[in-house]
Every structure is written in C-alpha cells, then in structure tokens.
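In what follows, a structure is listed as structure tokens, so that the remarks can point back to it.
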Amino acid sequence: VGACRRPQGASEVEGEAASTQVLLSYLSALFLALRAGGGAGPKLLKDQDMPWWPEPPFVPSVGQPQALQLPKRALALNVLDGYETLRLALRLTLLALRDNSCGAELGDDSSAPGPPPPRIWDPFAVQELAVCAHVGLYHMLRRPDLSERSLRAGIATLFQVGAVLLSLRTADGPAVSVGWPVRLLEVLIRKADGEPQMLVPVARLCTEATRSFVIEVAAARPMERPELWRHLLVLLFRATPTGARALWSSTMNREVEAVQRDCWKRGIIWVLGHPHLLDCLGAEDAAAAQAATAAAPVAQPQGSPSSVGGTASNADPRGSAAFWNWVLPELNTLATDIAGGNRQQIYRLLLDAYGTLLLTMSRSPTPEDHAQDGGEQSMHATASSASTAPEVPRTTTAVLSEASWAEAHTRDGGQAEVRRAAALSSSWSRVAIALLGVVGPSLGRASGEDAEQIVPFLKQTLLSVRVPLLFAGSAQGPHWARVVLEKLVSMLTNGVNSGASLAVVRDAVSLVAKFFLQNLHTLQRQDHFGQLWLMVLRLMLLFAKRGSDDRDAELEEIATEALKNLLRVLLSMKILGFTECKGSGPAKSPTGSPRPEDGQGPVWWHMTWDCIEVFLPGFGKEFLKSSMPRDSAPAPPPPAEETPPAVAAGTDASEAAPAIDAEAAAA
C-alpha cells in the first residue's frame, strides 16, 4: 500500500486519486487471480458469478483489470489452492479500506470535535473492486476440492471484505449494493446441502463473522433486503452442529454444546431480534399492503385481518407473515436436532429463544444497543438487567449507527417509523403465538418445579409494560392483540380441562386478567369486542368452577375477585351495562353504567350476566349491592343515545381515567 506513490508534477488531490486507482486496480486483479485452478466444477451460466445488485444503479459494467504483475523477488503465491492469494488480498483490502475516515477529502477540518467524516470514494473504482472480489470469491468457494483452511479464509474474507465494501459511500450514497454477499452465501448453502458436515468445523467462525458483519454494516447504512437476512439465517442453521450432520466423541460433548449454544443464542436469536430486520419486514408489509390496495381498493374496517397487510392465508410472499412462517418451524426443527429428541431440552431451548425475542422486540432497541447484546445471558437475566445496564462510551461506530438510524426513520415523512411499529406488533404477536403453542401442550402434564415456572415465565414475557405500547402504536394493533388473547385463552382453557395442577391454575387467573386489562384500550377498537369479553368471561367462570369442583377455596376466591375487578373496570369505563337476568325482575343499573331506558342493550351484555348467573347463582345481585353505594352519584346517568354500548376507538376516555386507575390498581 505504501508503494503507491504520487506521480511527479501532479497536484495533491490528483495524486491521491491516481494512487488510489492504482491500488484498487491491483486489488481487483489479485481477487481475479482466484479464478485460476478452479477444478472441474459445473459450467457457469453467463453473469452467474456476478454479485446480486437489486438497487439502482444496477451491476456496473466494468472493464477487465490489468493482468496481475508481481515483482520478480516476490514470494510465489499458491494460486491453485487460493489460500495464500486470498490471505494477501484480504489483508491489503482491509488495510486500504477498513478505516473510512483515512484519506478524507482535503480541506476538512480534522481538529473539529466528533468523529471524522467518512471518505467519499470514486464509485467506478469501488464498484470494479466489488465485482472482481465477488467473482474471485465465487470461483474459490465453489471448488470441489476446497480445503478446510481455504474455506475458513473464504468465509472470513466474504464477511470482512463485504462489511468494508458495504460501508463505503460515494457522493450519491452507498457505493455497493447491500445484496453483494447474497450469491456468495448461496454457494456455501448449496455446498452444505450436498455435504451437511462441511460447515460444522467452522460453525463458531460463521457465528462471529455474521455478528461482526451485521454490526459493521448496520452502523453505516440500513440493511433493507430480506433476501440477505434469510441467507444469513440459513447459513447459521446449516452451520450449527447436530447429531445428523457430524459425529463426535463423548469427550467433546461439552465443547460441542458450547458451539451449539453460541450458534443458537449469539447467532440465530440475535439476528432475529435485530432492528434492521424488523424495519425490513415492515417495509415488505407496507409494499404488500400497497399492492393489495391497488389490486382491490375496498375499504376495510380498522383492525380487521384483511387491513393488516396479510395473515397466514392471504399474506404477500414477501411480507413478514411468510418470513415468520418459514423461520419459526426452522427453529423448532433445529431445536429438535440439537436436543436429539429430548423433549425437555427442546422445550427449554424454545422457551428461552422465544422469551428472548419477545423481550428484545418489546424494548425496541437501536442497532447500537442491540450490538452490545452479546447473547450470553438468558432471557431472565436480559429482562432484569434491561433497566440497570451501565452507559457505554460513545464511539465513532455508535455515532454512525445513530446517524444511519435517524436517517432511516426520518425519511418519507416518518413513514419508516409507522412501518416499524407495524412490524414490531406483528412480529411480537407471531412469536408470542409460537410460544403459547409450545407451552400449551405441557401445561396439563407438567408437574413440580417445571409446572410452577410456566405461568411466571408467561407473565414476564406477555405482561411487559411495553407490550400495550406496541399494540397502541400500530394501526393493526387491535387485530394482533385479539389474536394473542384468543390463543392465550384457548391455551389456558385446554390446560384447565386437561387437569393442570391447582398451583398453575391459581397463577393463571391473574395472567389472563392482567393481559386483558393492560390491552383493553386497544381491544376496544375491535368491532367484535363483545365476543372477546365473553371468551375471557367464560375462562374466569371456568377457573371458579374448577375451584368449586376440587374444593379449593383459594382458587375459587381468586377467580371470583378477579372477575369482580374486571366487571368494575368495564362498568366504570361505560363499556358494560348491568341488565336483568332471564327470569328475574327488573334490576337497577349502577349509576354511571350505560343502560337504555327501555331495558334493552347489546346481546353480549345480557349474555354476560346470564353466564354469571348460571355458574355463580346470586353473584350478580350481590355484586350489584356491593357496587351501588360507591357508584351512587348525584349526577344522573347519561342518555342512552349519547353513550354507545362500547367505547369507540376515537372516544375520549379522560372522564374514566380516575376510575380506570383505581380499578387497575385494585386488579
């Protein structure tokens, strides 16, 4: 690098540009030398070894670099193997391009506070190097006689050179497409499909290289292509050691388990929780929703599944639904392979993975915060230390990360923030449903310590104070809150009917009640809120019946008091009104609860009190008597026509705020 001297008589700026051009041309020729000695591999199609370049401008048309000329006294490079050539190319590339601030534009004030500005590169020279590096790596990685040391060097070069190239900028923006590594990852994945054991020895290298690549690129630009994220995850899935891919002696069990843990937590789970991945899924959902609206511009009610950007049945294949429908079964399959069929170990792997993802999504971290997460701690440690983490020093990478984050979320008039809120709510809900699907079957048969930990684990993940903010900040929040509530109620109902222990059932009463109350304002925006409430009501009555049948006075009392709290909140918010039960005389409605003068109300009002009367005879009258002294206010109840039976999405709830706070505290 130091041999590139400035031509005589040239100005300082022209000399620097000329020396840079010579250096990059030399590096391009060095990478192209990797095409030699490729072996008898399958014949390539035209441009198959060119990088994937989805963003405009598309793949640049570059000329053939000059032939590689080495000094006579230089050590001979083992071109046929490619290892020594690749090592030299990697070291020179990192030395020349790693520090973007080196060689910044002349005239910049280097003494100014803050990190130096990134260098503005010539686009043609950088893109020529990117294409030549891709071609050389492509031919090397596809060699049928690729040795393990060359494989390691190829993976390290792919991620390190890729991170450097994707971080370079020109006057018009990033110099290299974010899709540059995709086809190189495809080569590795195809070789791993044919040779399942190939990536196992380099599993830890794949994990650490992927993390470093994502951290460095995310600090410089948004990673907006879902194809890149999918290929990174597939590489980690294929590299994780399992008994079906490799055999090892019992003396290496501990070492292999450590590698599996790194690939699982520091690799796959860490990548799935990255903010740029969620932004990417949000952009895909927005594009799918726009395409669906353009195809069939029919107005849909707010919060309906068809207005959400797709469910599992009608989602665009590019959206988040397709992504999570693919990755969640892959997680289950990998957990089964790691555990070797051990059901208890599979259960714990998935619980820790889903819990970590849910807490990470609810925190909504920045890329810099996510980069500080080493993945070493469990989900419980992450939750306990989230509010007490020490402040880290602000480095150049941190400032660049915040700058790219701010740039991505202030463009398009704030639409990026809207898309990310939608992606967070949908992704959190899909992972929560997957978690409930794993916990549900074991709820009835679990016993001992495992049974006592199930419901507290669910409370820690589902009852986070940030979850209502996720639902409230998204237009699709009512739909996802309804879906999660339905899955939770269904899981607990099956658990109670299948004979779950009384300790688990007692703990589950507050779980469903608190989730319903925390997300009540979002659930009210549902058109069929009455159905959701009746579903929760039947579960609360089932809890009380289980306590009565098993002669457990504690469970019966807990369920009854939780039901009273729910009813008080709904009455105080004027969502529910008191109606007479079938076969009973007229009963006075508590003051402040809406009840039409003619005694009629929504069907779900009548069904509420009828169901309570069937399971708990006399409960309604006793509850009415206990509520009357507190609710008897001098102000008359509002007219029926001015008070809707359910609070709409746009209703001002400030009048009910004191009552809500009081009842929520009691709950």
- Task: Step by step, work out the side chain to side chain contact (heavy atoms under 4.5 Å, CB included) result for H528 and L532.
- Result: CA-CA 7 Å; H528 305 288; L532 296 176; over 6 Å; no

- Message: For a side chain to side chain contact (heavy atoms under 4.5 Å, CB included) check, start with the C-alpha distance between E330 and L334, then their side-chain angles and the critical distance, and finish with the verdict.
- Response: CA-CA 6 Å; E330 288 287 337; L334 182 59; over 6 Å; no

- Message: Return the CG to OG distance between L485 and S429, rounded to the nearest 0.5 Å.
- Response: 11.5 Å

- Closest approach of P468 to T522 (non-hydrogen atoms, all atoms of both residues): O-OG1, 4.4 Å

- side-chain contact (heavy atoms from CB on, under 4.5 Å), paired with Y354, selected from I433, V439, L435, L349: L435

- Can you label the angle between the F516 ring and the W533 ring as parallel, tilted or perpendicular, going by 30° and 60°? tilted

- So, are R482 and E486 salt-bridged, with charged N and O less than 4.0 Å apart? yes

- Tell me, do Q531 and Q526 make a side-chain contact under 4.5 Å, heavy atoms counted? no

- Do T333 and F237 touch side chain to side chain, with heavy atoms closer than 4.5 Å? no

- Message: Below 30° counts as parallel, above 60° as perpendicular, anything between as tilted: where do the rings of H276 and H274 land?
- Response: perpendicular

- Query: Are F578 and W609 close enough that their ring centres sit under 6.0 Å apart?
  - Reply: yes

- Task: Please check if any side-chain donor atom of S427 sits under 3.5 Å from a side-chain acceptor atom of W324, or the reverse.
- Result: yes

- Query: What distance separates F615 CZ from D610 CG, expressed to the nearest 0.5 Å?
  - Reply: 12.0 Å

- Query: Counting only N and O atoms by type, is there a donor-acceptor contact under 3.5 Å from the side chain of Q476 to the main-chain atoms of S425?
  - Reply: no

- From OG (S320) to CG (L278), nearest 0.5 Å: 9.5 Å

- Message: Main chain of A544, side chain of S548: is a donor-acceptor contact present, judged purely on distance under 3.5 Å?
- Response: no

- Would you say L436 and L462 make side-chain contact, with heavy atoms under 4.5 Å? yes

- What do you reckon, are the aromatic ring centroids of F471 and W428 less than 6.0 Å apart? yes

- If you take all heavy atoms of M491 and L443, which pair is closest and at what distance? O-CD2, 4.1 Å

- Message: Between K564 and E561, is the salt bridge (Lys or Arg N to Asp or Glu O under 4.0 Å) condition met? List the steps.
- Response: CA-CA 5 Å; K564 289 180 181 179; E561 292 301 320; 3.7 Å; yes

- Message: Set out, in order, the CA-CA distance, both residues' side-chain angles and the distance that settles salt bridge (Lys or Arg N to Asp or Glu O under 4.0 Å) for D550 and R546, then state yes or no.
- Response: CA-CA 6 Å; D550 292 0; R546 172 70 185 274; 2.6 Å; yes

- Item | L541 to C611 - nearest heavy-atom pair and separation | CD1-O, 3.6 Å

- Query: So do R538 and T493 actually touch side chain to side chain, heavy atoms under 4.5 Å?
  - Reply: no

- Query: Hey, does I268 have a side-chain heavy atom less than 4.5 Å from the side chain of T240?
  - Reply: yes

- Note on the structure: The reported gap from CG in L563 to CG in L616 (rounded to nearest 0.5 angstrom) is 7.0 Å

- Item | R506 and D552 ion-paired at < 4.0 Å | yes

- Under 3.5 Å, side chain of T461 to main-chain N/O of F457, donor-acceptor pair present? yes

- Atom CD1 in I346, atom CG in L351: separation rounded to 0.5 Å? 12.5 Å

- How long is the span from the SG atom in C263 to the CD1 atom in I269, to the nearest 0.5 Å? 11.5 Å

- Task: Indicate the atoms forming the closest heavy-atom contact of S474 with R525, along with that distance.
- Result: O-NH2, 3.5 Å

- Going by an N to O cut-off under 4.0 Å, is there a salt bridge joining K459 and D507? yes

- Message: What verdict does the side chain to side chain contact (heavy atoms under 4.5 Å, CB included) test give for T560 and F619, after you've listed the backbone C-alpha separation in whole Å, the side-chain angles of each residue and the deciding distance to 0.1 Å?
- Response: CA-CA 9 Å; T560 303; F619 174 87; 3.7 Å; yes

- Query: Is the closest side-chain heavy-atom distance between D352 and K265 below 4.5 Å?
  - Reply: yes

- Message: Between D549 and K545 (salt bridge meaning N to carboxylate O under 4.0 Å), is one present in this structure?
- Response: yes

- Do we see a donor-acceptor contact under 3.5 Å between the side chains of S364 and R420? yes

- Note on the structure: Taking every heavy atom of G577 against every heavy atom of W605, the minimum-distance pair comes out as N-CE2, 3.4 Å

- For residues V509 and L555, determine if any side-chain heavy atom of one lies less than 4.5 Å from a side-chain heavy atom of the other. yes

- Message: Restricting to non-hydrogen atoms, name the atom on A434 and the atom on L328 that form the minimum distance, rounded to 0.1 Å.
- Response: CB-CD1, 3.9 Å

- Message: Using side-chain heavy atoms (C-beta onward) and a distance below 4.5 Å, is W270 in contact with T356?
- Response: no

- Task: Could you walk me through whether R568 and N565 pass side chain to side chain contact (heavy atoms under 4.5 Å, CB included), step by step?
- Result: CA-CA 5 Å; R568 290 192 182 105; N565 289 332; 3.6 Å; yes

- Residue pair E368 / T366, side-chain donor-acceptor N/O under 3.5 Å: no

- Message: Closer than 3.5 angstrom, by distance alone: can the side chain of D369 be matched with the main-chain N or O of P365 as a donor-acceptor pair?
- Response: no

